[in-house]
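Nothing here was measured: the structure is a model prediction, and the numbers come from that model.
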Amino acid sequence: MKNRKQKAFACTAAALSLALFGACSGGEYREKPLSENAVSLTASLVADKSVRTGNAGEFSENNLSFSTEFFRRSYTGGNTLVSPLSLAAALAMTANGAKGETLSEMERVLGMSKESLNVGLSAYLDKVAESGTLSVADSLWLRDTMKEKANADFLQRNKDYYGAEIYAAPFDQTTVSDINTWTENATRGMIKELIREISPDSVAYLINALYFSGEWQKKYEKSDISEGTFTAADGTASRVKTMKSSESVYLSDENTTGFVKAYKGEDFAFAAFLPAEEIPINEYVKGFSAEKWQGLFGHSSREPVRCTLPAFSYDFSLTASGILKDMGMPTAFDAGKADFSDMFDTCPGKNFWLGEVLQKTRIEVDEAGTKAAAVTEIEMRTNSAPAVEERIVILDRPFVYAIIDAENHYPIFLGTVTKL
């Protein structure tokens with residue numbers, strides 16, 4: 001499996017996984033082989049990388065509303081973590097097989113036309129992978145009985161723009177194992193299970209994975225680490241490991257104070273947003289929007305910030321089908337109205353639509369750096385089986401955080417910590 005880009009499309013599901021590892025990754029991960037039942041079809045397609053002519057900044061700007069709205073709608077009242085980039089990439093590849101109102105809704109939700117999304121997102125993924133800190137992998141899994149029906153242009157587009165690796169498989173338990181093995185390899189062991197079974201209605205899976213090594217630019221010394229108190233949203237207090245540092249980018253608006261802490265190489269950064277004490281975290285998240293995001297970064301200032309960050313780790317999972325319907329793309333989930341005719345060639349008596357959309361994430365933040373992973377699965381179904389004053393920010397109560405690319409400030413991950 002290639003370290004930079006591989007993509008898997010499964011008409012039955014699309015999954016995007018992003019992993020971020022710090023120096024605390026615990027040694028080099030050894031990839032596991034797939035079974036012989038996973039037959040690679042990649043050799044028959046050669047990617048035309050010359051089509052990736054888009055502007056990375058255009059994608060991050062136009063997709064920001066999608067990112068913040070997805071985060072806001074995903075918030076559950078507890079510790080939350082989503083990857084807007086993961087879901088956007090999975091939906092973008094799925095959109096390459098959509099037509100009519102199905103495609104129009106997806107384009108409106110994502111904030112760009114299919115053509116602009118392909119060139120913009122692929123350019124963005126290429127750019128953030130330039131430093132070698134972030135790598136991208138994608139794979140497209142087709143039920144072997146459907147491989148001859150897969151639309152050649154659809155496969156070629158996902159190969160050209162996203163470097164998709166394509167497999168045909170029997171969609172039995174060996175395929176479940178192979179998809180999970182691919183996911184585990186792509187996330188360096190952080191997410192070991194994407195699916196447990198494959199429905200007879202499933203015809204394909206799309207999996208996109210990103211891997212990021214997030215070691216802090218300025219490491220915490222032993223003297224910076226101590227025990228502190230974190231007060232949860234419900235008022236309960238717990239003792240936690242805290243890490244103190246001085247940073248130089250201060251974020252603020254009418255109800256926010258925060259900071260930006262760079263990872264090694266300064267291509268990526270951790271951003272923290274602490275609501276004013278009188279603002280409950282639930283209310284704060286409701287007001288989190290693209291405009292607020294742009295205001296915070298647009299009016300950031302370079303000045304000393306004394307920061308206290310708690311060490312934390314947790315898992316999160318979310319079924320996003322209902323969220324996407326509410327955001328404005330219900331047709332893709334409607335068995336009678338969805339139009340994915342650009343995904344498969346003529347299949348008399350069959351229609352294809354999106355089933356479950358599931359995102360699984362994990363984050364680990366400590367004195368060495370950050371590890372995080374996200375997997376987004378989009379299931380596609382068919383109707384038949386086949387200097388100045390020093391600022392102080394102490395994160396000792398619920399806060400919002402993000403892992404961003406330092407140039408465009410695009411939120412690769414967005415989360416909340418409400419209890420530790």
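No side-chain heavy atom of Glu364 sits less than 4.5 Å from a side-chain heavy atom of Thr370. Here the side chains of Asn96 and Lys114 are in contact, with some heavy-atom distance below 4.5 Å. Using a 4.5 Å heavy-atom cutoff, the side chains of Phe333 and Val357 are in contact. For the pair Pro310 and Met243, the minimum side-chain heavy-atom distance is 4.5 Å or more. You'll find the side chain of Asp366 stays beyond 4.5 Å of the side chain of Phe312, heavy atoms only. Residues Leu155 and Leu45 are in side-chain contact: their nearest non-hydrogen atoms beyond the backbone lie under 4.5 Å apart. Side-chain contact between Tyr410 and Phe59: present, with at least one pair of heavy atoms (C-beta onward) separated by less than 4.5 Å. Leu91 has its side chain within reach of Leu324: a pair of non-hydrogen atoms, C-beta onward, lies under 4.5 Å apart.
Pairing each heavy atom of Ala164 with each of Lys159, the nearest pair is O-CD, 3.2 Å. Taking both residues in full, the closest heavy atoms of Pro398 and Leu274 are given as O-CD1, 3.7 Å, listed atom of the first, atom of the second, then distance. Between Tyr162 and Met93, the shortest heavy-atom distance links the atoms CD1-CG, 3.3 Å. In this structure, Phe340 and Ala332 approach most closely via the heavy-atom pair CE1-O, 3.8 Å. Residues Ala168 and Leu41 come closest through the heavy atom pair CB-CD1, 3.9 Å. For Asn118 against Tyr161, the heavy-atom pair with the smallest separation is O-CD2, 3.6 Å.
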**OP:** Decide salt bridge (charged side-chain N to carboxylate O under 4.0 Å, His left out) for Asp315 and Arg362; before the verdict, give the C-alpha distance in whole Å, the side-chain angles of both, and the deciding distance to 0.1 Å.
**Re:** CA-CA 4 Å; Asp315 300 284; Arg362 175 165 180 78; 2.9 Å; yes

Subject >> Pair Phe344-Phe352, ring-ring contact (aromatic ring centres under 6.0 Å, His included): steps then yes or no >> reply: CA-CA 9 Å; Phe344 291 95; Phe352 303 97; 4.9 Å; yes

**OP:** Applying salt bridge (charged side-chain N to carboxylate O under 4.0 Å, His left out), run through Lys241 and Glu227 and close with a yes or a no.
**Re:** CA-CA 5 Å; Lys241 179 166 69 175; Glu227 193 176 60; over 6 Å; no

**OP:** For salt bridge (charged side-chain N to carboxylate O under 4.0 Å, His left out), just list the numbers for Glu105 and Lys337, CA-CA rounded to whole Å, side-chain angles, deciding distance to a tenth of an Å, and then say yes or no.
**Re:** CA-CA 12 Å; Glu105 289 178 356; Lys337 297 179 180 179; over 6 Å; no

**OP:** Please test Tyr263 against Phe270 for ring-ring contact (aromatic ring centres under 6.0 Å, His included), starting from the C-alpha separation and ending with a verdict.
**Re:** CA-CA 7 Å; Tyr263 292 108; Phe270 180 94; 7.1 Å; no

Original post:
What do the steps show when you test Asp126 against Arg52 for salt bridge (charged side-chain N to carboxylate O under 4.0 Å, His left out), and what is the final call?
Top reply: CA-CA 9 Å; Asp126 285 345; Arg52 302 176 192 169; 3.5 Å; yes

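For the pair Lys264 and Trp216, the cation does not sit on the ring face, since its NZ or CZ is not both under 6.0 Å from the ring centre and inside 45° of the axis. For Lys371 and Tyr314, the positive end is not near the middle of the six-membered ring at less than 6.0 Å and at most 45° from its axis.
The backbone N or O of Ile179 lies less than 3.5 Å from a partner atom in the side chain of Thr183, making a donor-acceptor pair. A donor-acceptor pair under 3.5 Å links the side-chain atoms of Trp293 to the main chain of His409, judged by distance alone. At least one donor-acceptor pair under 3.5 Å links the side chain of Ser83 to the backbone N or O of Ile412. With hydrogens and angles disregarded, no donor-acceptor distance shorter than 3.5 Å links the side chain of Ser116 to the backbone of Met112. At least one donor-acceptor pair closer than 3.5 Å links the side chain of Thr42 to the backbone N or O of Ile166. In this structure, Thr331 contributes its side chain and Thr102 its backbone to no donor-acceptor pair below 3.5 Å. Proximity of a side-chain donor or acceptor of Thr68 to a complementary backbone N or O of Ala290 within less than 3.5 Å is detected. Using a distance-only test at 3.5 Å, with no hydrogens or angles considered, no donor-acceptor pair links the side chain of Asp253 to the main chain of Leu296. Thr416 contributes a side-chain N or O that, together with a main-chain N or O of Gly78, makes up a donor-acceptor pair within less than 3.5 Å. Judged by distance alone, with hydrogens and angles left aside, the side-chain atoms of Ser202 form no donor-acceptor pair with the main-chain N or O of Ile198 at under 3.5 Å.
By the 6.0 Å contact criterion, CD on Glu197 is open, its count of non-hydrogen atoms from other residues, nucleotides or ligands being 12 or less. Shown here is Lys292, whose NZ atom has more than 12 heavy atoms of other residues, nucleotides or ligands within 6.0 Å.
Taking the six-membered ring where the residue is Trp, Phe273 and Phe297 present perpendicular rings, their angle passing 60° and hence far from 30°.
Phe66 meets the ring pair (Phe, Tyr, Trp, His ring centres under 6.0 Å) test with no other residue; sequence neighbours excluded. Listed by chain and number, the residues in a side chain to side chain donor-acceptor pair (under 3.5 Å) with Asn151 are Asp345 (sequence neighbours excluded).
Of the inter-residue distances, the one linking Thr242 atom OG1 with Ile225 atom CD1 reads 9.0 Å to the nearest 0.5 angstrom. Of the inter-residue distances, the one linking Asn408 atom CG with Glu61 atom CD reads 9.5 Å to the nearest 0.5 angstrom. A distance of 8.0 Å separates CG of Leu85 from OG of Ser67, quoted to the nearest 0.5 Å. Between the OG atom in Ser199 and the CD atom in Glu356 there is a gap of 10.5 Å [rounded to 0.5 Å]. Atom CG of Leu358 is separated from atom CG of Leu194 by 7.0 Å, given to the nearest 0.5 angstrom. Rounding to the nearest 0.5 angstrom, the gap separating the OG1 atom in Thr80 from the CG atom in Leu318 is 8.5 Å.
A donor atom on one side chain and an acceptor atom on the other are found under 3.5 Å apart for Glu303 and Ser301. Between the side chains of Lys127 and Asn55, no donor-acceptor pair is found at a separation under 3.5 Å. Asn63 and Tyr124 form no side-chain donor-acceptor contact under 3.5 Å, judged by distance and modelled atom types alone. Residues Thr229 and Arg239 have side chains that bring a donor and an acceptor to within less than 3.5 angstrom of each other.
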Taking only distance into account, with no hydrogens and no angle test, what donor-acceptor pairs under 3.5 Å do side-chain atoms of residues 275-286 form with protein atoms, sequence neighbours excluded?
| from | atom 1 | to | atom 2 | distance (Å) |
| --- | --- | --- | --- | --- |
| Asn282 | OD1 | Tyr75 | OH | 2.6 |
| Tyr284 | OH | Thr256 | OG1 | 2.7 |

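Among Thr174, Thr175, Asp178, the one residue that satisfies the side chain to side chain donor-acceptor pair (under 3.5 Å) test with Ser35 is Asp178. Looking at Arg391, Arg306, Arg302, Lys218 one by one, the single match for salt bridge (Lys or Arg N to Asp or Glu O under 4.0 Å) with Glu247 turns out to be Lys218.
For Phe71 and Phe288, the ring centers sit closer than 6.0 Å to each other.
Residues Glu215 and Lys219 are paired through a salt bridge, judged by an N-O separation under 4.0 Å between the basic side chain and the carboxylate. Of the charged side-chain nitrogens involved, at least one lies within less than 4.0 Å of a carboxylate oxygen, so that Glu101 and Arg108 count as a salt-bridged pair.
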